[in-house]
2 protein chains.
Amino acid sequence: MARTDTRFRQAHNDLLATLPAVGGQLPSEVELATRLGVSRTVVRAVLAKLAADGILQINGRAKQVLRPALGKDRLPLRDDYTSREDLEDRFLDWVLRFDVPAGTALNVTRLSRDFNVPPHLLQEFLASLGQSGLVERRARGGWRLLGFTPDYAIELSEFRQVLEVNAIRTLAGLPESHAVWPALDAITDEHLDLLARIDTDFHDFSPLDGRFHALINSVVKNRFVAEFQKVISLIFHYHYQWDKTMERHRNEAAIREHLAIIKALKARDLAGAEQAARTHLATSKETLLSSIRVHHHV
Amino acid sequence: MARTDTRFRQAHNDLLATLPAVGGQLPSEVELATRLGVSRTVVRAVLAKLAADGILQINGRAKQVLRPALGKDRLPLRDDYTSREDLEDRFLDWVLRFDVPAGTALNVTRLSRDFNVPPHLLQEFLASLGQSGLVERRARGGWRLLGFTPDYAIELSEFRQVLEVNAIRTLAGLPESHAVWPALDAITDEHLDLLARIDTDFHDFSPLDGRFHALINSVVKNRFVAEFQKVISLIFHYHYQWDKTMERHRNEAAIREHLAIIKALKARDLAGAEQAARTHLATSKETLLSSIRVHHHV
DNA sequence: AGCGGTGCTTTTTATCATTAAAGACACCAT
DNA sequence: ATGGTGTCTTTAATGATAAAAAGCACCGCT
């Protein structure tokens, strides 16, 4: 058919929930529209419905409440579609977790059913993934999953290294007054804190790692870098989630590598910092690769 | 309605064009499908149509030609939609050339009419542009053009510099036997050749520039780099097309900068090559920026 | 009995008509 | 004059639908 009337139903229920007492008046359509966050068209449809249900009496600009709203006046909402972000998460989860072989043809209909989104949005989502190289348009219809292969992981890691080493260089050249320095101090403390309780809390490392790399990269103000950083952190983050081998040991080592980078940066030792960063990124790359290999051999 | 039957019509006409003489036989459906590049379903539809038109007599696997094909047997084709590549070109052309202000809301219906593509494909195209930062999804429907602003150009140039300096570093470390060295020699000659006839042929520089940068970047085998290289060269290339100020002088200077980079590379002078590359990229950036400014003030 | 072939069915995708929603404009009432 | 409503136009999301692809089963010929 056509667009869903979710918007209308939502506004309808929202208005019912905040209805004035019997005999009270409702404000103008424009104000209601602002309040409910919808267009006047929707507001008018809701008002018409309420009038038809005998809840309101509408007469020009007078909108008097005739009776209180009952439970059965509420309009049922269909369970909502998955949001764009959820979709991204769930799709990556599917690709990375279930080890979908490279080259698999993607079935838009099936996926959209599984992920509970209109096919339309899935299509758009796949198109937006195009640039990340995980997925490809087939010549005559449909999509092909290129997959999260070792090749892919290597190239992603190398690209990450280029970006991050560049960030380190930029950072090392920043003046003392720059906000990044106190932020580095703060995150150093967080690292030391976690290190002290690493035996029990090593799971806390993943978010800290994310914030550390985000901080480093934040000094490069560039929309392209930022865009890629999103893909990168997404993928690395996902792998942290399910590669449990040697997790405690790995995380402790990574914390020490982070601290080495920070130490060199604070000493304004560009060469040292760059070297430390390369070491750390190489470790990350190996971790990522080994987790793929382990996964592939399960 | 539904899918267009362009595929069917095309196959129909193609088959007519290669029809054997009267009395001859057609090969199997599978073979025809391969030959025409379509599925068997389409082939069968075509054969049925030809039988209905009295051109073929079909009897089990015998497909005999009854009469030659006439001009009026050909099915008319609707003028075809714009291809994906054309769309990309035309869209960028529109954005860059007509100086669409940043923040403009894009009208999918109108654009799809103007560009002669189904709205559907335009949607997909806009989604795929998402990553390049030129366009953004609005909260409740529609798209917004973020536009090709000076900010955008600066960040693009900086990103380009990060990638290309990295390529230069990689290149300088390659062994003598690597194929890039003879390729560099060859492109050096092309530069010298163009330099000799620069007064008349300065228009030939743009493609040469494209090939030079592509060669430099070709040593980095990375799908993410390659992806971005496409965006970058597209945009720089577009600007070359219509910024005619000082074109001859600019191009001559650029050729000399290219030669300086090559010279340093061949001397394995990494620092020198990097410096020369930075200089050249800075010039490029200025050119791009000034062409935007000029354009904005027209 | 095997294999090249066809008949038929089942998916799956691209397109389009339809409807919800947004926005614009003109007019009305106070 | 200003805040409001009535009405119309435009636009985008959605589901129905037709085209194409892919799969399955069987047939006939050697």
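- Atom P of nucleotide dA16(D) and atom CZ of Arg3(A) are separated by 17 Å, given to the nearest angstrom.
- A donor-acceptor pair under 3.5 Å is formed between the side chain of Asp73(A) and the backbone N or O of Leu70(A).
- Leu106(B) places its CG atom 16 Å from the C1' atom of dT10(D), with the value rounded to the nearest Å.
- With Phe115(B) as the aromatic partner, Arg110(B) does not meet the cation-pi criteria of under 6.0 angstrom to the ring centre and within 45 degrees of the ring axis.
- When each of dT5(D), dT11(D), dT6(C) is scored by its nearest atom to the side-chain atoms of Asn107(B), the top-ranked nucleotide is dT11(D).
- Mapped onto DNA chain C by nearest heavy atom, Arg138(A) and Ser28(B) fall at different nucleotides, with Ser28(B) at the one closer to the 5' end.
- Closest contact between the side chain of Asp5(A) and the listed nucleotides dA14(C), dA13(D), dA20(C) involves dA20(C).
- For Lys63(A) and dG4(D), the shortest distance from a side-chain N or O to OP1 or OP2 is not below 4.0 Å.
- At whole-Å resolution of the value, CD in Glu29(A) and C1' in dA21(C) are 15 Å apart.
- Residue Thr6(A) has no polar side-chain atom (N or O) positioned under 4.0 Å from OP1 or OP2 of dA20(C).
- Among the heavy atoms of the strands lying under 4.0 Å from Arg7(A) are primed sugar atoms or P, OP1, OP2 only; no base atom is included.
- In this structure, Gln25(A) contributes its side chain and Lys63(A) its backbone to a donor-acceptor pair below 3.5 Å.
- When rounded to the nearest whole Å, the span between CZ of Phe8(B) and P of dA14(C) equals 20 Å.
- Taking atom NE2 of His12(B) as the reference point, atom C1' of dA19(D) lies 16 Å away to the nearest angstrom.
- Between His120(A) atom NE2 and dT15(C) atom C1' the separation is 12 Å, expressed in whole Å.
- Between the CD atom of Glu31(B) and the C1' atom of dG4(C) there is a distance of 12 Å, given to the nearest Å.
- Mapping Arg137(B) and Arg9(B) onto DNA chain D by nearest heavy atom places Arg137(B) at the nucleotide closer to the 5' end.
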* To do: Please step through ring-ring contact (aromatic ring centres under 6.0 Å, His included) for the pair Phe159(A) and Phe228(B), ending with a clear verdict.
  => CA-CA 11 Å; Phe159(A) 196 68; Phe228(B) 255 100; 7.0 Å; no
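- Under a cutoff of 6.0 Å and an axis angle of 45°, Arg137(B) and Trp143(B) form a cation-pi pair.
- No side-chain heavy atom of Leu146(A) sits less than 4.5 Å from a side-chain heavy atom of Val135(A).
- DNA chain C lies under 4.0 Å from at least one heavy atom of each of the following residues of residues 35-52 of chain A: Val38(A), Ser39(A), Arg40(A), Thr41(A), Val42(A).
- With salt bridges taken as basic N to acidic carboxylate O contacts below 4.0 Å, one links Asp5(B) and Arg9(B).
- Considering only side-chain atoms of Gln123(A), the nucleotide from dT5(D), dA14(C), dT19(C) that sits closest is dA14(C).
- Between the P atom of dG4(C) and the CG atom of Leu26(B) lies a distance of 20 Å, rounded to the nearest Å.
- Comparing dT6(C), dT14(D), dA14(C) by their closest approach to the side chain of Pro118(A) singles out dT14(D).
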